[in-house]
Amino acid sequence: MDLSQITENSFFVRYKYFLLPVLALSIGLILLTFVIIPQFFSSLSTEKKLLEVKTQNEKLIQKLQILTQVDEESYRQNINIVLTAIPPDQDVPSAIGQILYLINVSTLRLSSVGVSVGTNAKESYQLRLEVEGDISALREFSDKLKTSPRIMKITGLEFNKIRGGDVQATIEILTYFKPISSTIGSIDQSINPITDQEAEIIKQINSYSKTVPVITSATISGPKGKTDPFE
Amino acid sequence: MDKLSINLLPLELRSDTKRENRKKLIIASSIAALTGFIFLTLVIFGFRLYQGVKNSDLAKQTKENRDQISALKNKEELFFLLKDRVTKINSLSTQDNQSVLAFNLITFLIPGGVEVNSFSVDKTGKIALSGETNSLSLLNDFFDNLIDPKKNEGKIVSTKLESLTKNGDRIKFDVSISLTGATKNLVSRK
């Protein structure tokens with residue numbers, strides 16, 4: 001048997017038209033099963049992650065734009081304005097000071113004032129006033145309270161008629177405060193710019209504080225002077 | 001005149017050529033399929049490579065933006081403080097104040113000759129009112145105002161006359177009134 005006979009009888013030569021398609025199909029299936037399909041699904045999840053990163057990046061760019069436009073000086077002024085509306089602590093003297101001013105302006109007579117200070121978590125506490133005067137004065141007081149710089153709300157109102165058309169009223173007023181947060185959130189946290197409506201609120205509070213004097217604890221306690229008088 | 005075509009090749013030779021062509025087709029299709037699979041694999045690898053480059057670019061951009069934001073920490077603190085407080089003020093100013101609404105409504109609806117002896121309103125906007133007058137027509141006007149949605153701007157849901165007494169010329173009354181918000185609160189609690 002010579003070499004040409006062996007080659008002609010070899011397995012590959014005999015079945016070459018059958019083996020080649022089988023081999024091509026096998027390689028194709030292996031590629032499809034172990035490379036193409038897994039990589040396709042993997043690329044889909046990567047694309048999803050890329051989209052998330054892109055969105056996050058856009059938020060960061062937006063945040064950066066907002067922060068770049070922040071004018072520190074005007075922001076400090078606006079913060080001082082909004083801190084008169086909602087102070088960082090309970091600041092009871094300031095609240096009572098404002099109430100007394102409004103009672104005086106509205107020609108009501110104060111009989112008693114009580115404070116029920118709750119916990120800081122509630123971010124509000126109640127003032128209970130007993131006043132005397134006519135109904136129009138009571139209405140004036142309620143109107144002026146709405147346009148006073150410190151945010152307060154009448155939550156309960158009762159009155160009874162006493163002598164000469166006057167009434168004796170019990171007014172419950174909710175006074176708000178909000179401690180300054182010690183954290184500002186993560187860098188990735190998106191922010192929304194100050195809206196026109198919010199800017200208008202700041203303007204309004206500023207105008208209110210021009211009509212009703214803002215009494216703060218600092219004003220009440222006054223200058224403290226030197227801690228060591230011999231220095 | 002049509003030409004005659006006559007195939008004089010032997011039948012065996014013709015079938016051999018057919019078989020040979022079929023075999024060539026099988027081999028060509030196998031090679032084409034294999035090339036197709038390899039091409040697809042290369043495309044997907046190329047796409048993965050592109051995704052990798054894009055990912056590293058985005059990560060670099062994100063890091064740069066984060067660094068820039070960190071550098072503006074003072075401004076960020078000021079912004080958060082202002083925004084947080086203004087948001088709170090805004091939310092408080094949009095809340096309805098039932099007590100003031102009730103008081104203003106009653107003082108608006110009550111006619112001049114009707115005196116209010118006592119008035120109380122709770123947080124949900126339920127009003128208890130007692131008063132007196134010596135004019136039946138004024139009292140009638142007042143009750144009309146309470147029950148007519150056009151006059152009370154639809155702010156009153158229900159009015160209940162608790163008592164009505166006449167003592168000489170004076171007519172005394174007690175009414176309880178529910179405002180629109182009071183009903184809303186009750187429904188939301190259920």
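Proteins come first, then strands; the chains are lettered A, B, ... in the order of their sequence lines, and each starts at number 1. Just so you know, these numbers use all the heavy atoms, side chains as well, and skip hydrogens, waters and symmetry mates.
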**Study point:** Steps toward side-chain contact (heavy atoms from CB on, under 4.5 Å) verdict (B:Leu40, A:Leu31)
**Key:** CA-CA 9 Å; B:Leu40 211 61; A:Leu31 284 175; over 6 Å; no
Review point. Does the B:Arg85 side chain pair with the main chain of A:Lys178, one donor and one acceptor, at a distance under 3.5 Å?
Key: yes
Point to revise | Residue among A:Leu64, A:Asn78, A:Ile205 with most heavy-atom pairs under 4.5 Å to chain B | key: A:Leu64
Practice item. Tabulate, in ascending numerical order, the residues of residues 167-176 of chain A having at least one heavy atom closer than 4.5 Å to a heavy atom of chain B, or enter 'none'. Key: A:Tyr176
Check your understanding: chain B: which of A:Ile187, A:Ile135, A:Asp143, A:Ile81 shares the most heavy-atom pairs with it under 4.5 Å?
Key -> A:Ile187
Review point. Checking A:Pro38 against chain B: side chain, backbone, both or neither under 4.5 Å from a heavy atom?
Key: neither
Exercise for review: Taking the side chain as every heavy atom from C-beta outward, state whether A:Ile27 and B:Phe37 have any pair of such atoms under 4.5 Å apart.
Suggested key: no
Check your understanding: Where the side chain of A:Lys153 meets the backbone of B:Leu92, is there a donor-acceptor pair that is under 3.5 Å apart?
Key -> yes
Check your understanding: What residue in A:Gln39, A:Arg139, A:Lys49, A:Glu47 has the most heavy-atom pairs under 4.5 Å with chain B?
Key -> A:Arg139
Exercise for review: Can you measure from CD1 (A:Ile79) to CG (B:Leu78) and round to the nearest 0.5 angstrom?
Suggested key: 4.5 Å
Check your understanding: So which part of A:Ile86 gets closer than 4.5 Å to some heavy atom of chain B, the side chain, the backbone, both or neither?
Key -> both
Review point. Between A:Gln65 and chain B, which part of the residue has a heavy atom less than 4.5 Å away: side chain, backbone, both or neither?
Key: neither
**Study point:** Option that, when pairs with chain B are counted at under 4.5 Å, heavy atom only, ranks first among A:Asn192, A:Ile61, A:Thr195
**Key:** A:Asn192
Check your understanding: Do the side chains of B:Lys83 and A:Ile194 get nearer than 4.5 Å, heavy atoms only?
Key -> yes
Practice item. Kindly assign one of parallel, tilted or perpendicular to the pair B:Phe119 and A:Phe159, based on the angle between their ring planes and the thresholds 30° and 60°. Key: parallel
Exercise for review: Below 4.5 Å from any heavy atom of chain A, which atoms of B:Arg66 appear? Answer side chain, backbone, both or neither.
Suggested key: both
Review point. For A:Leu32, is it the side chain, the backbone, both or neither that has a heavy atom under 4.5 Å from a heavy atom of chain B?
Key: side chain
Check your understanding: Measuring heavy-atom distances to chain A, does B:Ile44 have an atom under 4.5 Å in its side chain, in its backbone, in both, or in neither?
Key -> side chain
Review point. Shortest non-hydrogen contact from B:Ser30 to A:Ala24?
Key: O-CB, 3.5 Å
**Study point:** Heavy-atom check, side chain of A:Val70 versus side chain of B:Leu72, under 4.5 Å
**Key:** no
Review point. When only pairs under 4.5 Å are counted, which of A:Thr155, A:Asp188, A:Leu83, A:Leu157 shares the most heavy-atom pairs with chain B?
Key: A:Leu157
Review point. For A:Thr68, is it the side chain, the backbone, both or neither that has a heavy atom under 4.5 Å from a heavy atom of chain B?
Key: both
Study note, to complete from the structure: Max heavy-atom pairs within cutoff under 4.5 Å with chain B, candidates A:Ile201, A:Val35, A:Ile66, goes to A:Ile201
**Study point:** Close approach to chain B in residues 51-59 of chain A, criterion heavy atom under 4.5 Å
**Key:** A:Val53, A:Lys54, A:Asn57
Revision key, fill the gap. Okay, A:Ser142 and chain B: the region with an atom under 4.5 Å from a heavy atom over there is side chain
Practice item. Find out whether B:Leu81 and A:Tyr75 are in side-chain contact, i.e. whether some heavy atom of one side chain is under 4.5 Å from a heavy atom of the other. Key: no
